[in-house]
2 protein chains.
Amino acid sequence: MGRPRQFDEERVVRAAYGEFWNKGFDGTSTADLCRATGLPRSSLYNTFHSKEHLFRRALAHYVTTMTARQSAVLDTPGTTALERVRALLAVIVEDEAANQANGRGAGCFTVNTITTVASRNPDIAQLVDADLRRRLSGLRLTLMDGQLDGSVAADRDPGELAWYVTSLIYGMRVAAQSGAGRRTLEGIASTGVAALTP
Amino acid sequence: MGRPRQFDEERVVRAAYGEFWNKGFDGTSTADLCRATGLPRSSLYNTFHSKEHLFRRALAHYVTTMTARQSAVLDTPGTTALERVRALLAVIVEDEAANQANGRGAGCFTVNTITTVASRNPDIAQLVDADLRRRLSGLRLTLMDGQLDGSVAADRDPGELAWYVTSLIYGMRVAAQSGAGRRTLEGIASTGVAALTP
DNA sequence: CTCATTTTGGACCGATCAATACAAAAAGGC
DNA sequence: GCCTTTTTGTATTGATCGGTCCAAAATGAG
C-alpha cells in the first residue's frame with residue numbers, strides 16, 4: 001500500500017551526519033541536507049519531522065556506533081586493563097589520523113555537540129548525557145579490573161579515573177582539531193596513561 | 001571634530017563576547033549583538049566592519065586576558081614547577097566552578113571556537129593558533145624548569161608534556177560543559193598531574 | 001554662526017532560513 | 001482497471017538573516 005520509498009533511511013542519516021559534522025547544526029541549512037542526502041525537501045520532512053529531529057537521529061547513530069566500538073576494545077580479553085585503555089586511546093589516535101589523511105574535518109561529533117547545541121537544547125543534551133554515562137560506567141568497570149590485576153593504581157577512585165580518561169579523550173579530540181598531528185596525539189596518550197599506573 | 005562616541009569600545013567588545021560565548025558565532029544574530037551591547041546597528045557596523053570582525057575582536061580579547069592570567073600563574077616564583085602547573089589547573093577548576101555558580105554557560109570560548117568556526121575561517125583559526133603556540137611555549141618552559149628542579153619527570157620531551165597539559169585543560173573544559181562538577185574537575189586535575197611526576 | 005566631520009537612529013535591502021502546501025507519481029488491494 | 005495510500009517534486013510561505021543607506025544629531029575648527 002502506498003508508494004515505496006526510494007531511499008535507505010540509514011544511508012540518509014549517515015549523509016546528514018556527515019553534513020552536520022562538517023558545518024555544525026546552525027551552519028547546516030536544510031538545503032545542504034537535501035543536497036547531501038539527495039532527497040527532496042518533502043521527503044526529508046516526511047520521514048524526519050524537522051531539522052532538529054534529523055540531527056538527533058544523526059547524533060544517536062554516531063554515539064551508538066562510536067561507543068560500541070570503544071566498548072569492544074575495552075572488553076577485549078587477553079591483556080591487562082591498562083593495555084585495553086591504551087588500545088582505546090590508540091583507536092582515538094587512529095580515528096583522528098584517518099580523518100586528517102582523508103581530508104575530512106577532525107574532531108569528535110559528540111564534543112562539537114557538547115560545545116554548541118547541547119547547552120541550549122535539553123533533548124540533545126540528554127542524548128549526549130546518556131552516552132556519557134554509558135562510557136563512564138564501561139571505563140569504570142575496566143579500571144576496576146585494572147586495580148585487581150595490578151595494572152592500574154589502586155589508590156584512586158575508579159569513577160574518578162574514568163572521568164580522567166574521558167576528559168583525556170575529549171582533550172585529544174580538541175587537540176586534533178587545533179592542529180595536533182599523529183605523533184603529538186600519540187605523545188598525549190602515552191603521557192596520559194602514565195597517570196593510571198601504580 | 002565630528003560627533004563623539006557614546007560608548008566604550010572595550011565594554012562593547014566584552015558584551016559581544018558574552019553573547020558569542022552563550023550562543024556561538026552562528027547562533028548569535030546581529031540583532032542579538034545590538035541588544036546585548038545597547039548599540040544601534042549602524043554604530044556596530046561603523047566601528048567594527050562586520051559580525052565576523054566583531055567576533056575576532058571578542059576572541060582576541062578573551063585569549064589575551066586568559067593567557068595572561070595563566071602565564072602569571074606559571075611565572076609565580078617560590079614553588080616548584082609542578083606546583084605551578086597544579087595551581088594553573090586549580091585556576092581552571094575555579095573558573096568553571098564560578099561559571100556554574102553564577103548560572104553562566106560553562107566551557108571555554110577558545111574550545112568552542114576551535115570546534116566550530118575555526119575549521120572554516122582561516123583568520124579566526126590563525127588567532128586561535130597563535131594563542132595556542134603562546135600557551136604551549138610558556139608551558140614548555142615551566143615544564144623544563146620542573147625537570148631541572150626535579151618536580152617533573154625528566155624522561156619525557158617537555159614539548160610533549162606541554163601538549164599533554166594543554167590537552168588536559170581542553171578535556172576539563174569539555175568535561176565541565178558536559179556536567180562535571182567541581183569535585184569531578186578536581187579529581188581530573190589531580191589524576192592528570194600524576195602523569196608529570198618522576 | 002557656519003561648515004566639515006563623525007556618530008546615531010531606523011528604515012530598508014536582497015538573500016536565505018526552516019517549514020508547509022499541494023498536486024503528480026507510484027505502488028498494493030480489490 | 002480503479003481506489004486508497006504513501007512518497008516525491010516543486011512552488012511558496014512568513015520570518016529572519018547580515019549588511020547598507022541616509023537623514024538627523026552632535027561635536028570641533030574656522
Side-chain angles (χ1 to χ4, degrees), chain A residues 1-59 112-113 116-124, chain B residues 1-59 112-113 116-124:
Chain A
M1 53 173 101
R3 180 172 173 175
R5 283 194 180 152
Q6 296 178 343
F7 60 91
D8 173 31
E9 199 165 310
E10 278 300 310
R11 231 185 56 83
V12 168
V13 169
R14 278 197 301 270
Y17 153 72
E19 205 67 6
F20 282 127
W21 187 34
N22 283 332
K23 309 185 181 179
F25 180 78
D26 290 323
T28 302
S29 71
T30 55
D32 290 333
L33 293 169
C34 290
R35 187 187 41 70
T37 62
L39 292 193
R41 248 183 161 60
S42 52
S43 293
L44 269 187
Y45 275 91
N46 189 33
T47 310
F48 318 93
H49 307 317
S50 67
K51 176 183 169 182
E52 185 195 317
H53 277 73
L54 180 51
F55 182 85
R56 290 220 289 265
R57 285 287 301 269
L59 177 59
N112 297 2
T113 301
T116 48
V117 275
S119 62
R120 278 171 294 139
N121 188 312
D123 296 315
I124 293 176
Chain B
M1 55 175 99
R3 180 171 174 176
R5 283 193 181 155
Q6 296 178 343
F7 61 90
D8 173 31
E9 199 164 312
E10 280 300 309
R11 232 184 57 83
V12 168
V13 169
R14 278 197 301 271
Y17 153 72
E19 205 67 7
F20 282 128
W21 188 33
N22 283 333
K23 310 186 180 178
F25 180 78
D26 289 323
T28 302
S29 71
T30 54
D32 290 333
L33 292 169
C34 291
R35 187 186 42 70
T37 62
L39 291 194
R41 257 182 146 58
S42 53
S43 292
L44 269 187
Y45 276 90
N46 188 33
T47 310
F48 319 93
H49 307 318
S50 67
K51 177 182 169 183
E52 185 194 318
H53 277 74
L54 180 51
F55 182 85
R56 289 220 290 265
R57 285 286 300 269
L59 177 59
N112 296 3
T113 301
T116 48
V117 275
S119 62
R120 278 171 293 142
N121 188 311
D123 295 316
I124 293 177

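Remember, it's a predicted structure, so these values are computed and weren't measured experimentally. Proteins come first, then strands; the chains are lettered A, B, ... in the order of their sequence lines, and each starts at number 1.
Where DNA chain D meets chain A (any atom under 4.0 Å from a heavy atom), the bounding nucleotides read 5' to 3' are D/dT5 to D/dA11. Think of the region where chain A sits on DNA chain C: with heavy atoms and a 4.0 Å cut, that region ends 5' and 3' at C/dC17 to C/dG28.
Atom CZ of B/Phe25 sits about 11.0 Å away from atom CG of B/Leu59, to the nearest 0.5 Å. Expressed to the nearest 0.5 Å, how far OG1 of B/Thr28 lies from CG of B/Asn22 amounts to 8.0 Å.
Residues satisfying the side-chain hydrogen bond (donor to acceptor under 3.5 Å, both in side chains) test with B/Ser50, not counting sequence neighbours, are B/His53. A/Arg56 is linked by a salt bridge (charged side-chain N to carboxylate O under 4.0 Å, His left out) to A/Glu52, A/Asp123, counting only residues two or more places apart in sequence or in another chain. Under the salt bridge (charged side-chain N to carboxylate O under 4.0 Å, His left out) criterion, B/Arg3 pairs with no residue, sequence neighbours left out. Here B/Tyr17 pairs with B/Trp21, B/Tyr62, B/Phe109 under the ring pair (Phe, Tyr, Trp, His ring centres under 6.0 Å) rule; sequence neighbours left out. Listed by chain and number, the residues in a side-chain hydrogen bond (donor to acceptor under 3.5 Å, both in side chains) with A/Arg57 are A/Glu9 (sequence neighbours excluded). In this view, B/Arg11 satisfies the salt bridge (charged side-chain N to carboxylate O under 4.0 Å, His left out) rule with no residue, not counting sequence neighbours.
In the region residues 35-53 of chain B, proximity to DNA chain D at under 4.0 angstrom, judged on heavy atoms, holds for B/Arg41, B/Ser42, B/Tyr45, B/Ser50, B/Lys51. Applying a 4.0 Å cut-off to non-hydrogen atoms, the residues of residues 5-29 of chain B that approach DNA chain C are B/Arg5, B/Gln6, B/Phe7, listed by residue number.
Between B/Pro4 and B/Ala31, the one whose closest nucleotide on DNA chain D sits nearer the 5' end is B/Ala31.
For residues 41-51 of chain B, no residue pair satisfies the salt bridge (Lys or Arg N to Asp or Glu O under 4.0 Å) rule, not counting sequence neighbours.
Considering every non-hydrogen atom in both B/Ile124 and B/Ala118, the closest pair reads CG2-CA, 4.4 Å.
Looking at B/Thr47 and B/Arg5, their side chains come closer than 4.5 Å, going by heavy atoms from C-beta outward.
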Run the side-chain donor-acceptor check on residues 32-39 of chain A: report pairs under 3.5 Å with partners two or more places apart or on a different chain.
| residue | atom | partner | partner atom | Å |
| --- | --- | --- | --- | --- |
| A/Asp32 | OD2 | A/Ser29 | N | 3.1 |
| A/Asp32 | OD2 | A/Ser29 | OG | 3.2 |
| A/Arg35 | NH2 | A/Glu19 | OE2 | 2.8 |
| A/Thr37 | OG1 | A/Leu33 | O | 2.7 |
| A/Thr37 | OG1 | A/Cys34 | O | 3.4 |
| A/Thr37 | OG1 | A/Leu39 | N | 3.3 |

